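Here the structure is a predicted model, which is why all the values come from computation and not from measurement. Order of the sequence lines fixes the chain letters, A, B, ..., with proteins taken first and strands second; residue numbering starts at 1 for each chain.
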Number of protein chains: 2
Amino acid sequence: MPATPPPRKRRKEARPSELLEAALGLFVEKGFAATRLEDVAALAGVSKGTLYLYYENKEALFKAVVQEGIVPVLAENEALAAKHVGCSFELLEILLNNWWTKIGQTAYAGITKLMVAEARNFPELAAFYYDNVISRGRALIGGALKRGMERGEFRSLDVETTVDVVIAPILMLLIWRFSMNCCQNGESDPQTYLRIHMDLLKQGLRKLEKESQV
Amino acid sequence: MPATPPPRKRRKEARPSELLEAALGLFVEKGFAATRLEDVAALAGVSKGTLYLYYENKEALFKAVVQEGIVPVLAENEALAAKHVGCSFELLEILLNNWWTKIGQTAYAGITKLMVAEARNFPELAAFYYDNVISRGRALIGGALKRGMERGEFRSLDVETTVDVVIAPILMLLIWRFSMNCCQNGESDPQTYLRIHMDLLKQGLRKLEKESQV
DNA sequence: TAACTTAATGACTTGCAAGTCATTAAGTTA
DNA sequence: TAACTTAATGACTTGCAAGTCATTAAGTTA
């Protein structure tokens, strides 16, 4: 006997968020190029044709994932920075911890690795991500460092470059968990890693008395 | 009139190294999955069929690139570490600088990014790279840190985790140049970046008098 | 110089995934 | 309940790249 297909439900409102969630999961697991839109559709419980009803193509789907999931956290961090009154290292800690909590500990961490992995092959996505996430994130950390130097809490270093040095271990932590992590036998847990990074940074950035003012 | 094809030269000895060089260039530019073996062959001046005469498949070709180009630098660094007699921070500097010179400044830097990018989709390559490059590299840096802690030059921290924190900025530097780099307007040059990293590290690792011994 | 060995070729097969579009049917309107 | 609108489907088209293999011809041996 021929199996009767399940009835097709029409749920125009629920589809976009369900598709984005499925897309996030597969993009993070497989990467951008290797994710099949048919699989995204299946994971969201619809057919491939339906996906194309809501998103023009793979790139549009990806941009929507970033826009909905990551951009809001930057806005939140910008608000935190604007109203901060304490010392600058504390501000740095707050910003990095919030990023770690909202992005690093979620599936969105995988987007960081995806962008690093596929930027070269998808320059338009790279430009979108740079404008909407990276440049804003760098400005945020750069602001905290500049503030600390101006208030005499940190020693004077080139801000733009120090930003990159400060965020590199955080980025690597996010990236690692979605790449070579598989091989490692679970050494270095994130908590310890972040604590050591902040420890080294706190002592490393501190202005020592014997050093000359700039 | 039909163009006469150029004469086909038989050069069994020269082919492997020419194919490896072409493969390195394209792997680094496009990534592993997106590199077409036909393009590798063309860049090396042979046909696709010829490539398969020398390397069983794409994975074998990649392993050969790593084996010939990267593994020797690790052996060299192990020799440098074994014969070092000065202070431990100096050893750290020597190892990181040598890695930067021999790998970071060459096309091989792109292999770091490639592995991070494609480890998940090619677990066998990931395992090969982990065993032959990453674990040896970590052991090298870990040894220098352990040496410094035992001699009382560095404060006591979890070695395995500190290794990751110390190498993260170097890895990010290599990775960045082959991914999002395209978007950036040339801020933060490698020289300044490495100097700031080593500056922060030198002061960050230093054992301060007031701190308790472990 | 004829017979032979093997490096090199490239047309071909296979399989996969993006994107399309004619068809179906869920839910609404008259 | 018949006519209509549009959400949803999935077979199909298109294009691409890995890997194969029968054929060609460079260079060697007898």
| remark: Applying ring pair (Phe, Tyr, Trp, His ring centres under 6.0 Å) to B/F27 and not counting sequence neighbours gives B/F32, B/F62
| Taking the side chain of B/S47 as heavy atoms from C-beta outward, which of D/dA8, D/dA18, C/dA8 is closest to it? | C/dA8
| remark: From the candidates C/dA7, C/dT20, D/dA18, the one with an atom nearest any side-chain atom of B/K48 is D/dA18
| task | Might you confirm whether atom CD of A/E21 has over 12 heavy atoms from other residues, nucleotides or ligands at distances under 6.0 Å? | result | no
| Quick one: A/R36 CZ to D/dC16 C1', roughly how many Å, whole number? | 16 Å
| Just wondering, more than 12 heavy atoms not from B/K63 lying within 6.0 Å of its NZ? | yes
| Nucleotide nearest A/Y54 when distance is taken to its side chain, options C/dG19, C/dA7, D/dA7 | D/dA7
| request: Tell me which nucleotide among D/dA8, D/dG19, D/dG27 gets nearest to the side chain of B/K9. | output: D/dG27
| message | Taking the basic N atoms (NZ, or NE/NH1/NH2) and the acidic carboxylate oxygens, is any pair closer than 4.0 Å for B/R15 and B/E18? | response | yes
| message | What is the separation between atom CZ on B/F122 and atom C1' on D/dA18, rounded to the nearest whole Å? | response | 12 Å
| message | Has B/H197 got a side-chain atom pairing as donor or acceptor with B/I167's backbone, closer than 3.5 angstrom? | response | no
| request: Measure from CD on B/E13 to C1' on D/dG27 and round the result to the nearest Å. | output: 13 Å
| request: Applying side chain to side chain contact (heavy atoms under 4.5 Å, CB included), run through A/E118 and A/Y129 and close with a yes or a no. | output: CA-CA 11 Å; A/E118 322 220 32; A/Y129 192 78; over 6 Å; no
| message | How many whole angstroms separate atom CD of A/E59 from atom C1' of C/dG19? | response | 14 Å
| said: When you measure from the side-chain N and O atoms of B/R15 to the phosphate of C/dA8, is any distance below 4.0 Å, counting only OP1 and OP2? | reply: yes
| said: I need the CZ-C1' distance between B/R10 and D/dG27, as an integer number of Å. | reply: 5 Å
| task | Look at the side chain of B/K102 and the backbone N and O of B/L74, then say whether any donor-acceptor pair between them is shorter than 3.5 Å. | result | no
| message | Requiring both pairing distances under 3.5 angstrom, list the stems that contain DNA chain D and are made of three or more consecutive Watson-Crick or G-U pairs. | response | C:1-30 with D:1-30
| request: Starting at atom CG of A/L51, determine the distance to atom P of C/dA17, rounded to an integer number of angstrom. | output: 15 Å
| field | Between C/dC21 (P) and A/Y52 (OH): distance, integer Å | value | 13 Å
| said: Just the rounded figure in Å: distance from P of C/dT9 to CD of B/E38. | reply: 12 Å
